[in-house]
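Input: a single structure, listed below in structure tokens.
In the text below, chain A, chain B and the rest are named by the order of the sequence lines, each starting its count at 1.
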Protein chains: 2
Amino acid sequence: MVQKKMVERQIGVALWRQIADRIRLSISNGDYDKTGMVPPEIKLASQFGVNRHTVRSALASLADEGLVEAIQGRGTMVRRKERLSFPISRRTRLSQGLSNQVRNIRSILLAHDELPATSEIAAALNLPLGTPLIRMDTTSAADDRPVSYATSYFPAARFPDMAEHFGRLGSITKSFAAHGLPDYIRISTEIIARHADADELATLKLSAGAIVLETVAVNADPDGVPVQFSRSRFAADRVTLKLET
Amino acid sequence: MVQKKMVERQIGVALWRQIADRIRLSISNGDYDKTGMVPPEIKLASQFGVNRHTVRSALASLADEGLVEAIQGRGTMVRRKERLSFPISRRTRLSQGLSNQVRNIRSILLAHDELPATSEIAAALNLPLGTPLIRMDTTSAADDRPVSYATSYFPAARFPDMAEHFGRLGSITKSFAAHGLPDYIRISTEIIARHADADELATLKLSAGAIVLETVAVNADPDGVPVQFSRSRFAADRVTLKLET
DNA sequence: CCGAAATGTCTATTAATGTAGACAACCATA
DNA sequence: TATGGTTGTCTACATTAATAGACATTTCGG
């Protein structure tokens, strides 16, 4: 049988990478759940219409990610297949939404500083241009696998100790609470997809060439006053964004 | 000045493609709006830390997409920069949401057939396994640029003439109305990002290696009875999904 | 109308990617 | 324990991607 969806040449994406992406997708789709094994290299090679060595490069890259493990004489085993489902709702709370999917979630403050609002952020937060903001770069890992990398901005006047609190509490929700804001809602979200840049590859521990889902969101207090502007990047092959209504 | 976000080697994605992706992003971010020109090749080459010829390959690919145009002696001009903002809400209506962003929207029925419900779709639509469904493949273009490619499933018993209506009306909303359903709401949406397959590349007229945003949604009538299961794919570099609450 | 700055074209070379084939090592099982 | 099916390793070669440099061509401003 000839594979319907062949791999493509001369598009600036190496064949082994295209094949690795396709196998990764098959794994997360559960295509190999019956046996728990990836098809033999020779079979994959003929399906994709490439040489066996090219398939081996793809599998090597997946093995490097920890997704599969090859065993000489037996075959190549699927080791991991999760794709986290990431809820997005008016009350999006990272830890809460993932808590029933993973054992532990850890958020880390990578960096923080104070800077004046740019026009984009000032408009989103409904603040005058140049208003002082706290900026925080944070990353979250589920069961020690990085899933998100976010840059958040908060009005410095209202939330002067955001970074300190986050560093201690590891949670935006708790940091807001420490500033006397017990609840907040999401008032807008935009989503795009693109290739990860070097910074994101490193932070999210992605194999290069990977895709990120980027959400740009504004959160507000119960009175509708914006309190947070954030850009979050998710490893596209590890998460599904699930909108809740 | 050295560019902070360098380009990466040996990752299975050709440098010219990484650079093309980055320039495309800069264009849609409006980075070149002031002059309407992409920086000179030599400057780009030094910023990305590559040879000028590599930058030329990237620009040639963008020119091929119609995004830029090089003029000897002058420079390289931005020709197009749009990124459509695609609203997703409980009452998502394609034509309505885009109407103030483009001049015309055209939807086409590519194919349709009838088939029994698979377990995934049966569960989503709350129907018994094997229930007859109408399947429709449709594509939409905004100002003659393809933006979405969707496969939708409807219960055949309730909406027997969905495909005929759509072929004539070019709208899901109107086709539902023709079946006596004036309103419907979205009850779930999931979003993932991945590389486009060959079929999607062709239908969405993407340059190969491109990324698609895929939404999997279930729509229901006002009583909450599911009426549509759909898988839509968007050209990631042409749209932003905008969640509305 | 000259010169600076930009893109266009050509040649040559090196590095990365992909193909081809042979054979070793290992595993399961008949 | 022999056999078939699998992954691991090696060599050789072809094709594509990237670098390097030289110079032509075009545009624009002084």
Could you walk me through whether A:E200 and A:K205 pass salt bridge (charged side-chain N to carboxylate O under 4.0 Å, His left out), step by step? CA-CA 8 Å; A:E200 292 157 354; A:K205 294 203 176 70; over 6 Å; no

* Will you find, in the side chains of A:Q228 and A:S152, an N or O donor that is under 3.5 Å from an N or O acceptor? -> yes

Separation of D:dT16 atom C1' from A:Q18 atom CD, nearest Å, is 14 Å

To the nearest angstrom, the CZ-P distance between A:R56 and D:dT9 comes to 7 Å

Among C:dT17, C:dA25, C:dG8, the one nearest any side-chain atom of A:Q72 is C:dA25

Over all strands shown, is A:S57 touching base, sugar-phosphate only, or nothing at heavy-atom distances under 4.0 angstrom? nothing

*Is the distance from OP1 or OP2 of D:dA17 to the nearest side-chain N or O of B:T54 less than 4.0 Å?*
no

Return no unless some side-chain N or O of A:R74 is found under 4.0 Å from OP1 or OP2 of C:dA28. yes

**Message:** Students often get this wrong, so: under 4.0 angstrom with heavy atoms, is A:L59 touching a base, only sugar-phosphate, or nothing?
**Reply:** nothing

Here the distance between atom P of C:dT19 and atom CD of A:E41, to the nearest Å, is 14 Å

When rounded to whole Å, the CD1 to C1' distance for the pair A:I42 and C:dA22 reads 13 Å

The residue, A:A70 or B:V55, whose nearest nucleotide of DNA chain D is more 5′ is A:A70

| task | For the pair A:T189 and A:I191, evaluate side-chain contact (heavy atoms from CB on, under 4.5 Å) and give the outcome as yes or no after the intermediate values. | result | CA-CA 7 Å; A:T189 308; A:I191 302 174; 4.2 Å; yes

Atom CH2 of A:W16 and atom P of C:dG18 are separated, to the nearest Å, by 8 Å

- Decide yes or no on side chain to side chain donor-acceptor pair (under 3.5 Å) for A:T203 and A:R233, but give the supporting numbers first. CA-CA 10 Å; A:T203 305; A:R233 285 138 289 182; over 6 Å; no

Assign each of A:G73 and B:G73 the nucleotide of DNA chain C bearing its closest heavy atom; nearer the 5' end lies the nucleotide of B:G73

Rounded to whole Å, CG of A:L44 lies from P of D:dT7 at a distance of 8 Å

Atom NE2 of B:H53 and atom P of D:dA17 are separated, to the nearest Å, by 16 Å

Whole-Å distance, A:R52 CZ to D:dT7 C1', equals 6 Å

Closest heavy-atom pair, B:E120 versus B:F229, reported as atoms and distance to 0.1 Å, is OE2-CZ, 3.9 Å

